[in-house]
Protein chains: 2
Amino acid sequence: MANLKDVARLAEVDPSTVSRVLRGDPSQAVRPETRERIVEAARSLRYRPNALARGLRTRRTDTIGLVMPDIGNLGFAEVTHGIQTAAAQAGRLVLLIEASSLGDDGDHTLDTEHKYEQLIGDGRVDGLIVAFATLDDRLVAHLAERKIPLVLVNRRTAGVHGSVVVDDERGSRLAIQHLFALGHARIGLVGLAAETDTARRREQGYRTAMNQAGIRVEPGWTVAGPASIAGGHAAVEPILGQPASVRPTALFVASLLGAVGVLGRLRAAGLRVPDDISVIAFNDHELAEHLDPPLTTIRMPNLRMGQEAVRMLVSALDGAPAGDVMIDEEPHIVVRRSTAPPPSAG
Amino acid sequence: MANLKDVARLAEVDPSTVSRVLRGDPSQAVRPETRERIVEAARSLRYRPNALARGLRTRRTDTIGLVMPDIGNLGFAEVTHGIQTAAAQAGRLVLLIEASSLGDDGDHTLDTEHKYEQLIGDGRVDGLIVAFATLDDRLVAHLAERKIPLVLVNRRTAGVHGSVVVDDERGSRLAIQHLFALGHARIGLVGLAAETDTARRREQGYRTAMNQAGIRVEPGWTVAGPASIAGGHAAVEPILGQPASVRPTALFVASLLGAVGVLGRLRAAGLRVPDDISVIAFNDHELAEHLDPPLTTIRMPNLRMGQEAVRMLVSALDGAPAGDVMIDEEPHIVVRRSTAPPPSAG
DNA sequence: ATGAAAGCGCTAACAC
DNA sequence: GTGTTAGCGCTTTCAT
């Protein structure tokens, strides 16, 4: 691999001149003829600046750390893709950090907080994008205190600035309003079990919509579980125990994967969706079309959320003050076949 | 951030001694007392070696580049997860390179091959794991020529050593044998459109099983399409045109996502699965359970494939000759509800 | 308009 | 058993 010195020798100039030319350094002018000789030499040697040496010198790696609980989770695909493309566009590379892999590396002398500090302390990344409710609030706060450039995606944490969320509350209201329009009044919520701001905002949207319609939310109507198939499966259980006359006629599930589990559990209980009970999910995916039955969903601007996270982190690295952004692109309902008028209305 | 010099000063020793102690350098013995002073100093300063400086010096980054067409694709989740966990265990970080992001970064002066060389030429990664049929064969061969440490996942390429695959042929045979056991004889194949070794091996398993059963594969029985919902949807089209008396009574789809598309298209055509036609897919996922109908699949050891890829790359970096491995863990059939005896047998 | 020189933080060969 | 030294490849003052 050719280095700067090789190029300089071939072009018969000083390495520093090569550096200036190749970086397009604006401060110093360079004779066109010299420039051309340098560019040609670099090309013929297939020269590529060594990222490590450059990073060591400039203290920038042009690399973003992406912390996620689980790549491969349906719900994250779109956001990840947005982050990836925006990072590429901004000339940044993405270092993948599956959060779970931090937990069990056998190094018990270091606590979890310390591990995240390592990531950035090693100097491999310029900043972190922390997606979804991976870290608990105290940990996030800790990172923020240490001035680690940080953008939270799909969540907020008290006292930490630099976050991107979608309008969860609005998305939830949209779901409930769809159910109202179909004639439902006893609407249940399968919420997110996590103690996060996002979980609260989705629940809040549900409660606001119900209140505005003058409907009192009965305690038995709301349950919660992890955003996974198994989570939805288990969470909906208490609702099945209730007599059909008081039990919700429709369920709003705060996660797509959770809704898949809910659908499965309802089917196992012999309930037909949507004839006996309607189901609508927060977040959309192409596969929702192919579930049994095809699932009505709320489509959120998740791609934009991912892109915006990168934009924010990059500008934070350039010294801009970190903001808290809500992507205000309108959520859309995708009506499929899991929602219908309540049985009593038939 | 404390550096080596800071630690040395505090421990009142030379930086090189600190380096030796902290790396656990076996060549040189160190007095226990000194060692303790150093370790204590490092701990109290929260010292972390700078990865860039170390990498510049040692010419190793302990980072693996993961090249994929599309994170977030269901079919890749398990493999990605295997790679991620194995990498973490081996003390390696993973740099994510979505293959598509290389295509459109506006830098048209460089051809695609050149871009991959850059990745490694920059010195950011020690080697590459290239997963799925992203790059065409010439490009892969080109990378291999340049001696870039490389492991191919889920594909092979003539002349390139260093690959991990599962036993696609065996998996395919298992699928066909399941259909035989149900009484099917006219079995169709919805293959992979890609010109890859993997596509051929899956088809080969199908043909071998058919031959062994003494069944001649009619030309109209085999179609192919991309491994996506839309791909499966479109690919199955020609089969729908055939009269029920000659058309396959069962379809083996060589990808999970493709099978979802096939299921959708069959339903749209008014065909009931499995009553009118059976469908079985290569590769499994939790969600297959929740499709309409629940999809019978062949479960391959994809997690192992991902882990093995890391193991191979790491040992290749240590100078071991690159091998071509087939994970020989037995594939399993997951019988759900998309397969049943053929209509004529009823 | 270009060159000289120092140094980012670390490791490794060698000296004592 | 520990210190000295050189240098990985680059950027960035400061000279000229």
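A note on names: the letters A, B, ... follow the listed sequences, proteins ahead of strands, and every chain is numbered from 1.
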By nearest atom, which of the nucleotides [options] is closest to the [X] side chain?
X       : options               : value
A/Asn3  : C/dA12, D/dG9, D/dT13 : D/dG9
B/Asp14 : D/dT4, C/dC8, C/dT11  : D/dT4
B/Ala53 : D/dT12, D/dT4, C/dC10 : C/dC10
A/Val30 : C/dT2, C/dG9, C/dC8   : C/dT2
B/Arg31 : C/dT2, D/dT2, C/dG7   : D/dT2
A/Thr17 : C/dG3, C/dC10, D/dC10 : C/dG3
A/Ser16 : D/dG9, D/dT12, C/dC10 : D/dT12

Rounded to whole angstrom units, what separation is found between the [atom1] atom of [X] and the [atom2] atom of [N]?
X       : N      : atom1 : atom2 : answer
A/Asp6  : D/dG9  : CG    : C1'   : 10 Å
A/Arg54 : C/dC10 : CZ    : C1'   : 20 Å
A/Asn50 : C/dC8  : CG    : P     : 18 Å
B/Glu12 : D/dG3  : CD    : P     : 10 Å

Task: Side chain proximity check, B/Arg124 to B/Thr61, heavy atoms < 4.5 angstrom - done: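 Answer no - side chains too far apart.
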Task: Sidechain-backbone polar pair: A/Thr34 side chain, A/Pro32 backbone, donor-acceptor under 3.5 Å - done: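 Checked: no pair found.
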Open item on the list: Check B/Arg48 with A/Asp122, please: is the shortest side-chain N to carboxylate O separation under 4.0 Å?
Closed with: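 Between B/Arg48 and A/Asp122 there is a salt bridge, with a charged N closer than 4.0 Å to a carboxylate O.
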TODO: Flag the pair B/Arg37 and B/Glu40 as a salt bridge only when some basic side-chain nitrogen lies within less than 4.0 angstrom of an acidic carboxylate oxygen.
DONE: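 A salt bridge is absent here (no side-chain N lies under 4.0 Å from a carboxylate O).
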Task: Side-chain donor/acceptor of A/Arg48 to base of D/dG9, under 3.5 Å - done: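 Counting by modelled atom types and ignoring angles, no donor-acceptor contact under 3.5 Å is found here.
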Open item on the list: Could you check whether the side chain of B/Arg35 and the base of D/dG1 have a donor-acceptor pair of N or O atoms closer than 3.5 Å, going by distance alone?
Closed with: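 Between D/dG1 and B/Arg35, which were checked side chain against base, a qualifying N/O pair under 3.5 Å is absent.
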Open item on the list: Reading DNA chain C from 5' onward, which residue's closest nucleotide shows up sooner: B/Arg23 or B/Leu52?
Closed with: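 Its nucleotide being nearer the 5' end, the pick is B/Leu52.
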